Amino acid sequence: MIIAELLPVEKVLRDPIHNYIYIQHRVILDLINTREFQRLRRIKQLGTTSLTFHGAEHTRFTHSVGVYEIARQICDLFARKYPRQTVGPTGWDDHERLVTLCAALLHDVGHGAYSHTFEHIFHTDHEAMTRAIITSPETEVNRVLRRVSPDFPAQVASVIAKKYPNPQVVQIISSQIDADRMDYLLRDSYYTGANYGTFDLTRILRVMRPDKNGVSFQIHGMHAVEDYIVSRFQMYQQVYFHPVSRSMEVILDHLLMRAQRLFEIGQLTDELTVSFLAPFFEHHATLDDYLQLDDGVLNTCFARWRTHPDKILSDLATRFLDRHPFKSVQVTPATKKLVPKLQRLVADAGFDADYYTATNDSYDLPYDAYDPHAKKPRTQIELIQKDGSHIELSRISNLVAAITGKVQGDERFFFPKEMLAQTAQTEIFAPVYAEFNRYIHNDQIINQGGPSQWRLN
Ligand code: ZN
């Protein structure tokens with residue numbers, strides 16, 4: 001059994017979303033104070049999204065303590081309303097509290113700077129890093145967890161990997177309606193200033209209850225759950241898939257790709273870059289190399305690269321730091337075949353198409369009813385009816401049924417803004433620009449040369 005040492009006096013952190021974050025266990029406070037967790041203060045939660053929504057400067061640190069607080073509130077409610085001693089085996093066993101809280105706090109501890117892009121270029125994996133930080137004996141996080149019991153780090157890691165035997169614990173941290181998603185939707189909505197992400201957290205928590213297969217919701221709270229699903233749908237559409245953030249991600253991706261290339265041919269030699277990034281360029285980075293990186297370190301490298309003699313590297317670094325996004329248009333299955341043609345035109349205008357064009361897709365399922373044959377089956381949201389039987393959400397909510405299983409998102413083609421200049425500065429290239437423009441109309445690639453007023457010559 002786990003001995004959960006309590007602090008003599010409860011500590012609180014102020015938080016704009018939850019008002020207070022309550023810390024009662026010594027282990028939680030000690031985990032927050034580790035080197036690996038403090039590093040999350042230096043990593044923005046939304047990466048390049050802050051270049052579209054300037055308020056989105058919040059960090060992985062604030063989100064992580066927020067997820068902890070929601071998980072803590074769930075444990076409190078479960079322990080008070082549905083204790084196993086009273087309810088029986090479908091109730092909540094409060095001995096699971098500490099492992100739940102630690103997993104909630106640490107679920108993102110392996111995230112790195114600009115995670116998405118960085119992982120793409122250097123083949124790192126934030127989930128593997130999270131596991132490594134929790135289970136490697138040399139980390140401060142591991143040392144704190146081991147004080148609880150020798151196998152406690154492995155237990156916390158197994159909750160995050162969704163392998164922990166108690167499904168209630170796993171689903172509090174990760175399911176279609178979990179502490180992680182509820183915190184990031186509210187927090188990202190607050191910091192971006194986009195109001196779509198709000199929903200009634202207090203109400204959802206009140207109607208949650210533990211059961212044999214995990215967590216379900218009482219039917220009278222259906223509208224609060226619906227509202228959460230719609231909020232999530234809106235946030236993906238309006239914030240997470242925003243074309244400008246994706247465009248800045250493309251620039252970042254190509255900037256790191258160029259740096260890697262120059263390093264390989266011996267042309268990226270400055271001490272700062274080499275000391276931090278060589279292990280990644282050479283694909284032998286250790287956990288310690290990884291923990292040294294944060295947004296500040298990468299941004300400092302980019303500031304250095306701005307004056308590098310390589311024109312592509314310096315230009316992409318400048319575009320990233322000064323926020324000059326690429327333009328983009330939607331690609332459909334019907335127009336996809338035109339992309340190589342457009343890439344050729346970009347190359348004809350003097351840009352290296354490998355670094356100055358890209359296609360990128362962002363797709364998500366707002367909600368998915370359970371399909372055991374799906375590649376990664378998701379837990380469905382179950383409502384408890386008056387007679388105690390369960391019904392899956394989309395079977396009684398028309399609103400949710402309308403977006404269930406529907407993939408949202410799009411595929412876009414990115415290119416330098418200069419290609420759309422109606423009066424090309426360089427006369428000699430004017431026909432190239434004119435031809436390029438004929439393929440672009442209303443944020444789409446079009447099949448024909450376009451209406452005549454769109455022709456520039
Ligand atoms: Zn998270």
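Computed from a predicted structure; not experimentally measured. Numbering of ligands and ligand atoms starts at 1, following listing order.
The N, O or S atom of D108 lying closest to the Zn ion (ligand 1) is OD2. In D180, the N, O or S atom that comes nearest to the Zn ion (ligand 1) is OD1.
Here the side chain of Q260 pairs a donor or acceptor atom with the backbone of F281 at under 3.5 angstrom. A donor-acceptor pair is defined here as one N or O able to donate and one able to accept, closer than 3.5 Å; no such pair exists between the side chain of D253 and the backbone of V250.
Between F61 and F37, a ring centre-to-centre spacing shorter than 6.0 Å is recorded. You'll find the ring centres of Y236 and F241 inside the 6.0 Å limit.
Among the atoms of D183, no N, O or S atom falls under 2.8 Å of the Zn ion (ligand 1).
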